[in-house]
Amino acid sequence: MELQRIEEYEVPSHFTLEEIKARVKGWLDTIIGRDYRLKVLSERNITLTKERHDLKVCGVSCVISCLAPFLLIPLMFGTVQGILIGIGGMILLIGITMAAGIGYYCLKPQRVIFTLRFTDDQPIRVVVSGEGVLIKARGDYENLKSTILRDRDSNDGIGIW
């Protein structure tokens, strides 16, 4: 994975660094943010990480395992050898499919990492970089950004305050 610069924006001048951090921590308690883990790299640098497993991988391996007996039934007609080959083939196909599907599901999560760096300037600028499956996490990022930028006196219903 390669770190990509997403954007840089300025927060309103009356926001303090502590208020921005509190907003990020508050966002982590929302439905959208609860899957993310916060890691503080320094006073002005944090990462938000989300790992999500793709359920399609498990679904495909389960479907193939359920279809395996039906695919191998034609081998079972005729001789005793055909029955043994059919049963052995079913066990082998189901075992390989389930092991590969579950292994891939557990070992290859879809990961997204957002790195937020807060500048020393006044007003504070937020430099956002990311890596991983950023397209799938675009809505999460937009919600985080609106939570950070939302003016505390506003009543527009966006964010967590």
Is there a salt bridge (Lys or Arg N to Asp or Glu O under 4.0 Å) between Arg23 and Glu18? Walk through the geometry before answering. CA-CA 9 Å; Arg23 287 172 180 254; Glu18 295 308 314; over 6 Å; no
Ignoring hydrogens and geometry beyond distance, is a side-chain donor-acceptor pair present between Tyr141 and Glu7 at under 3.5 Å? yes
Ile20 CD1 to Lys25 NZ distance, which is reported to the nearest 0.5 Å: 13.0 Å
Between Lys136 and Gln110, is any pair of side-chain heavy atoms under 4.5 Å apart? yes
Atom CD1 of Ile113 and atom CG of Leu48: how far apart are they, to the nearest 0.5 Å? 10.0 Å
To check you understand the geometry: which heavy-atom pair defines the closest contact between Leu116 and Asn45, and what is its length? O-OD1, 3.2 Å
Salt bridge (Lys or Arg N to Asp or Glu O under 4.0 Å) for Asp140 and Lys50? Distances and angles first, verdict last. CA-CA 10 Å; Asp140 296 353; Lys50 178 182 180 180; 3.2 Å; yes
For a quick test of reading the model, state the closest non-hydrogen atom pair linking Gln122 to Phe15 and the distance between them. NE2-O, 3.9 Å
Using every non-hydrogen atom in the two residues, find where Ser146 and Asn143 come nearest and quote the distance to one decimal. OG-O, 2.9 Å
When every non-hydrogen atom of Arg5 is compared with those of Ser129, the smallest separation belongs to CA-OG, 4.0 Å
Mind checking the CZ-OH spacing from Phe114 to Tyr36? Nearest 0.5 Å is all I need. 4.5 Å
Please report the closest heavy-atom contact between Val24 and Leu144, naming both atoms and the distance. CG2-CD1, 4.4 Å
Any heavy-atom pair between the side chains of Thr119 and Arg44 that's under 4.5 Å? no
Check whether any side-chain heavy atom of Val11 sits under 4.5 Å from a side-chain heavy atom of Glu19, and report yes or no. no
Ion pair check, Arg34 and Asp29, cut-off under 4.0 Å: no
Can you name the closest pair of heavy atoms from Arg111 and Thr49 and give their distance? CG-CG2, 4.3 Å
When rounded to the nearest 0.5 Å, the distance separating CG of Leu38 from NZ of Lys21 is 10.0 Å
With side chain to side chain contact (heavy atoms under 4.5 Å, CB included) as the criterion, how do Glu51 and Val112 come out once you've worked through the C-alpha distance, each side chain's angles and the decisive distance to 0.1 Å? CA-CA 7 Å; Glu51 291 183 348; Val112 64; over 6 Å; no
